[in-house]
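Each chain gets a letter, A, B and so on, in the order its sequence line appears, and its residues count up from 1. In this text, all values refer to a predicted model and were calculated from it rather than measured experimentally. These values consider heavy atoms only, across backbone and side chains, with no hydrogens, waters or symmetry-generated copies.
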Amino acid sequence: MKRTHYSSEIKPEMNGQAVIVSGWVHEIRDFGGLSFLILRDREGLVQVTMPKKKVPKEIVDVARSLSRESVISVGGAVKAEGKAPHGYELIPTAIEVLALADAPLPLDPTGKVPAELDTRLDARFMDLRSPQTTAVFVIRARAMKAMRDFLSANGCLEIATPKIVATATEGGTALFPISYFEREAFLNQSPQLYKQMMMAAGMDRVYEIGPIFRAEEHATRKHLNEATSIDVELSFVSMEDVMILLENAIAYVYRHVKENCARELAELGLDLQVPKTPFRRIPYAEAIAIAKADPECAHLEYGDDLDTVAEHAIGKAIGEHYFIMDWPTELRAFYSQAYDDHPEICKAFDLMHPRMELSSGAQREHRYAQLVKNLEARDLSPDSFQFYLNAFRYGMPPHAGWGLGAERLIQTMLDLNNVREAVLFPRDRVRLTP
RNA sequence: GCUCGGAUAGUGUAGAGGCCUAUCAUGGGGCCCUGUCGAGGCUCCGACUCGGGUUCAAAUCCCGAUCCGAGCGCCA
């Protein structure tokens with residue numbers, strides 16, 4: 001038996017038509033003389049109805065022998081029926097059992113009994129069968145496609161950069177060391193240096209959506225040790241240009257999801273609001289002032305990094321997406337470009353959702369001599385960055401870009417409690433399987 | 001890494017020294033049932049994280065371990 005339709009493709013108007021559906025036994029309701037089998041596939045549910053007098057006994061017996069979550073194919077005739085969900089049901093002429101499921105199940109995919117996230121992640125393959133969890137990843141897939149469409153339409157070429165790298169000297173975040181033949185290597189924390197080198201290569205506008213690895217021992221609802229970064233870099237542009245690209249990208253993806261994922265959003269109980277552009281642009285100095293208005297942040301001073309409490313205070317005050325820009329130079333990475341007339345601040349920005357940081361970006365320092373000075377000012381050795389610095393010696397255009405956390409984008413868009421819910425198989429401080 | 005909270009059937013829970021042979025729901029087995037859509041009714045099955053201690057008596061109090069959660073730190 002070969003599937004002819006997804007559940008969602010069957011309509012009452014197909015009354016009398018023979019179809020074959022394949023999927024999992026979601027529920028069985030047996031009334032004795034009448035029984036219902038609810039079959040679930042990726043696109044939804046379909047009711048298979050078996051009145052004792054109209055369906056051969058062999059088929060009813062097969063249906064009764066099934067355990068929940070067994071995999072079957074059902075062939076039958078569509079029957080328009082007002083009493084059935086969605087106005088139709090399937091009267092089976094054949095049921096093929098493809099795989100019987102053991103009992104008890106590790107969790108309940110119908111969602112009648114909730115399971116904790118830890119339990120769900122341990123049995124992720126089954127958790128993903130629940131319509132709500134499926135909805136998250138259908139939306140994620142469509143959001144990522146929308147992002148690619150948007151960036152491509154804006155002239156960006158998709159690139160792939162190495163995830164195995166040699167340098168551990170970028171400072172800041174901890175890297176995962178790995179064995180690389182007779183040498184030590186690391187999993188890359190960001191495609192930053194490579195996408196910048198593509199500007200020297202003349203690729204002009206590039207993007208990459210790929211994994212990044214961070215060996216920090218954080219344990220929060222918004223951190224992952226393996227995450228997906230949406231990285232963009234453009235030549236011959238200003239910081240403002242890439243901020244506009246970023247806010248438009250966010251709005252485009254929201255709009256695309258709102259227009260193309262109505263069923264999934266309904267499944268999650270969400271009325272998605274497309275954020276209005278342009279987002280507010282708040283200079284760092286003003287952000288500090290906004291935070292200090294909150295008694296809990298009264299201790300903050302100009303020059304401090306914004307801690308979690310400050311992020312929340314500002315997020316609460318603003319209430320929607322916003323940028324924090326013009327950061328103190330010393331708080332940002334060496335490749336951020338300082339204002340020539342105000343070298344104490346730089347052309348760097350963070351894109352914030354009220355709940356958390358989503359993205360950070362900057363106008364990059366493209367002048368070789370200045371870049372070397374920036375490294376030295378941070379006690380980083382230019383020798384360690386030779387492979388990168390060389391790209392700046394033979395004609396590097398001015399450029400700017402950003403990196404956006406894909407999981408955080410999905411988490412905040414779908415109001416997920418934990419970022420792990422936006423990853424199929426999250427990696428954190430303690431979880432390495434499945 | 002720090003602080004606080006928690007760990008009871010497959011899953012989610014009730015439980016505050018003797019009422020526990022441990023509650024409820026869901027699930028699984030059996031029986032009844034022709035319009036369910038969280039189907040319903042009857043019935044049975046299934047659990048106190050581990051190790052010490054206090055006590056006549058511990059799921060319950062204490063100590064340690066392990067694991068989980070929340071917040072924070074860390075996150076160029």
*Among all residues two or more places apart in sequence or in another chain, which pass the side-chain hydrogen bond (donor to acceptor under 3.5 Å, both in side chains) test with A:R355?*
A:D415
*Sequence neighbours excluded, which residues qualify as side-chain hydrogen bond (donor to acceptor under 3.5 Å, both in side chains) partners of A:E184?*
none
*For A:D231 and B:A76, what is the distance between atoms CG and P respectively, to the nearest whole Å?*
13 Å
*Mind checking what makes side-chain contact (heavy atoms from CB on, under 4.5 Å) contact with A:A227, not counting sequence neighbours?*
A:I212, A:L224, A:E407
*From the list B:A76, B:G73, B:A70, which nucleotide is the closest neighbour of the side chain of A:R221?*
B:A70
*Rounded to the nearest Å, what distance is computed from the NE2 atom of residue A:H223 to the C1' atom of nucleotide B:A70?*
14 Å
Donor-acceptor pairs are to be reported for all side-chain atoms of residues 38-50 of chain A against protein atoms at under 3.5 Å, with residues two or more places apart or in another chain.
unit_1 : atom_1 : unit_2 : atom_2 : d
A:R40  : NE     : A:R129 : O      : 3.2
A:R40  : NH1    : A:H26  : ND1    : 2.8
A:R40  : NH1    : A:E69  : OE2    : 3.0
A:R40  : NH2    : A:E69  : OE1    : 2.8
A:D41  : OD1    : A:S7   : OG     : 2.7
A:D41  : OD1    : A:E43  : N      : 3.0
A:D41  : OD1    : A:G44  : N      : 3.1
A:D41  : OD2    : A:S7   : N      : 2.7
A:E43  : OE1    : A:R263 : NH2    : 3.0
A:Q47  : NE2    : A:T49  : OG1    : 3.2
A:Q47  : NE2    : A:E89  : OE1    : 3.3
A:T49  : OG1    : A:E89  : OE1    : 2.8

*May I ask which nucleotide in the shown strands pairs with B:G28, Watson-Crick or G-U wobble, both distances under 3.5 Å?*
B:C44
*Which part of the nucleic acid, if any, lies within contact of A:R378, taking any heavy atom under 4.0 Å across all strands shown: a base, the sugar-phosphate backbone alone, or nothing?*
nothing
*asked:* With a 4.0 Å limit, can you tell me whether A:R431 has a side-chain N or O closer than that to the phosphate oxygens OP1/OP2 of B:C68?
replied: no
_Just to verify, what does A:K57 make a salt bridge (Lys or Arg N to Asp or Glu O under 4.0 Å) with, not counting sequence neighbours?_
A:D61
*Nearest to the side chain of A:R29 - B:U13, B:C72, B:U36?*
B:U36
*Nucleotide by nucleotide, 5' to 3', does protein get under 4.0 Å of the base (B), only the sugar-phosphate (S), or neither (-) in nucleotides 23-35 of chain B, counting heavy atoms?*
---SSS----BBB
*Using a cut-off of strictly less than 4.0 Å, decide whether A:H86 has a side-chain nitrogen or oxygen near OP1 or OP2 of B:C37.*
no
Enumerate all atom pairs, one protein N or O and one N or O from nucleotides 41-49 of chain B, separated by less than 3.5 Å.
none

*Listed by chain and number, what are the side-chain hydrogen bond (donor to acceptor under 3.5 Å, both in side chains) partners of A:D30, not counting sequence neighbours?*
A:R64
*Those residues that, when tested against A:D341, pass salt bridge (Lys or Arg N to Asp or Glu O under 4.0 Å) (two or more places apart)*: none
*Does A:E267 have any side-chain hydrogen bond (donor to acceptor under 3.5 Å, both in side chains) partners at least two apart in sequence or in another chain, and if so, which?*
A:Q132
*For residues 424-434 of chain A, which residue pairs qualify under side-chain hydrogen bond (donor to acceptor under 3.5 Å, both in side chains), counting only residues two or more places apart or in two chains?*
A:D118-A:R431, A:D122-A:R431, A:R420-A:D428
_Of the options B:A76, B:C74, B:C72, whose atoms approach the side-chain atoms of A:T308 most closely?_
B:C72
*Name every residue in residues 420-430 of chain A that has at least one heavy atom under 4.0 Å from any atom of RNA chain B, in order of residue number, or write none if there are no such residues.*
A:V430
